[in-house]
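Reviewing the structure listed below.
For reference, positions follow the sequence shown, starting with 1.
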Amino acid sequence: MNEPSMNEQTMNEQSMNREPIKHQTMKQRFLNFIKTDTILFISGILAAISCCIIPPDREYADYVNYRVLAILFCLMLVVSALVRIGTFDYLTQRVLGRIHGERNISLFLVLLSFFLSMILTNDVALVTLVPFALILLKAFGDRRRTIYTLILMTVAANLGSMLTPIGNPQNLYLFTEYGFSMKRFTLLMLPYSILSLVLLVLGVFLLNRTDHTVDRAAASEPVKPNLIKMFLYIGLFMVCLLTVVGTLHYLIMLGIVAAAILFLDRGAFRKVDYGLLLTFVFFFLLIGNLGRIDVIRNTLTEIVEQNVTLTAVLSSQIISNVPAAMLLSAFTAQGDALLVGVNLGGLGTLIASMASLITYKFYAKDRKKGDGYLLKFTLINLLFLVALYLLHLIL
């Protein structure tokens, strides 16, 4: 009789001992979620608060830019498929075989981000290049320089994109809204682009004063990916670009890409960063609700005409430069000043440009505690912002 009761007591004690462990595990998982998806967590809370102020109604359906979400999803899906067949590993070995030294590779990645963003948009450039950069830079094992290169790539994508109307969403919107000609648009943004390029090159050399190299053996005999699949995925990538430039409707793109990847490699769907897509949804909700709060709109009406460019820069730090462009355009006829302001406003905080979230989300998966990414990101962005705003004052 005693034996079962003793076993029962022992089981109860073990059960009691396991209970706190379970709670600790859940708590730890929650803390890890906040650390790795900080922006998703914060944006979700802010969106929920805004929904309490502006109760959900029919206008909510107009908040979300479904085209942007579809393009991001398809691009991440295609990039995921390319990664799974070893495309970026192959390109990494090819680059390491031709470009020697971490400084040169950093410069290559930054310049590629700058110029590709002019035709692919800043979002597309970063979605495409950041996974490649992370793989490439791991060969050097220098985490600090990896951080600096990723930050400069993000700055390069945000600044390179300002030279063309298709470089980013706010440019396309303002180009149409204020009836810019291509010549007027280009001449207005060209001085800022030239200074940006000079500062980026200087930044690469200042942050890479010593030039690390890797063993040539690490770059030898790269293994080729499945060429048939690779060219099919590149074709799907071109389908995405047709949607970016407005040639193909985003729903057609979504159907083609999703069906093709489902047939060729359905495992690629598991590698899509759905947290990033949800973060964008939360920001769309937050921004849409902010635009309907009278206090915010009235305040903007009073201050915007005093200094359109500065107002655009400061507004972008809080609500991002795309919604800032859309919101402020309702209160000013100074299209030139607003265009400069929202493009420069993409520098600064992490949410000043939604494209910056892309780099952070990719990097956050592998970041370590205390690496100071956000601090370094903010300081470097502010240095670029101050330099370019001084140019604006001179001009």
Let me check something: any side-chain donor-acceptor pairs from residues 48-55 under 3.5 Å, sequence neighbours excluded? List them with distances.
from : atom 1 : to   : atom 2 : distance (Å)
S50  : OG     : A47  : O      : 2.7
S50  : OG     : N289 : ND2    : 2.9

Partners of D294 by side chain to side chain donor-acceptor pair (under 3.5 Å), sequence neighbours excluded?
none
Tell me, please, which residues at least two apart from D57 pass salt bridge (charged side-chain N to carboxylate O under 4.0 Å, His left out).
R292
Could you check whether any side-chain heavy atom of L159 comes within less than 4.5 Å of a side-chain heavy atom of N343, counting everything from C-beta outward?
no
Does any pair with a residue in residues 67-83 pass side-chain hydrogen bond (donor to acceptor under 3.5 Å, both in side chains), and if so which ones, sequence neighbours excluded?
none
Restricting to side-chain contact (heavy atoms from CB on, under 4.5 Å), what partner residues turn up for V272, sequence neighbours left out?
F73, M76, L77, Y274, L277
Listed by chain and number, what are the side chain to side chain donor-acceptor pair (under 3.5 Å) partners of S193, not counting sequence neighbours?
none
Is there a donor-acceptor pair closer than 3.5 Å between any side-chain N or O of N171 and the backbone N or O of G167?
no
Which residues satisfy the salt bridge (charged side-chain N to carboxylate O under 4.0 Å, His left out) test with R184, sequence neighbours excluded?
D336
Between Q317 (side chain only) and G345 (backbone N and O only), is there a donor and an acceptor less than 3.5 Å apart?
yes
Scan the side chains in residues 255-267 for donor-acceptor partners under 3.5 Å anywhere in the protein, sequence neighbours excluded, and list what turns up.
from : atom 1 : to   : atom 2 : distance (Å)
D265 : OD1    : R84  : NE     : 3.3
D265 : OD1    : R84  : NH2    : 3.0
D265 : OD1    : G267 : N      : 3.3
D265 : OD2    : R84  : NE     : 2.6

Over all atoms of both residues, closest heavy-atom pair of V204 and R103
CG1-O, 3.8 Å
Can you list every salt bridge (Lys or Arg N to Asp or Glu O under 4.0 Å) pair that touches residues 246-264, not counting sequence neighbours?
none
Y360/L150 under side-chain contact (heavy atoms from CB on, under 4.5 Å): CA gap, chis, key distance, verdict:
CA-CA 9 Å; Y360 180 74; L150 291 177; over 6 Å; no
Any side-chain heavy-atom pair of F384 and L344 under 4.5 Å
no
With S161 via side chain to side chain donor-acceptor pair (under 3.5 Å) - residues at least two apart
N168
Can you list every pair that meets side-chain hydrogen bond (donor to acceptor under 3.5 Å, both in side chains) and has a residue in residues 146-160, with sequence neighbours left out?
S106-T149, N122-N158, T154-T359, N158-S353, N158-S356
Check: L69 and F284 side chains under 4.5 Å, non-hydrogen atoms
yes
In the hydrophobic clustering (ILVMFWY, side-chain contacts below 4.5 Å, transitive), which residues join L375, or is it alone?
L379
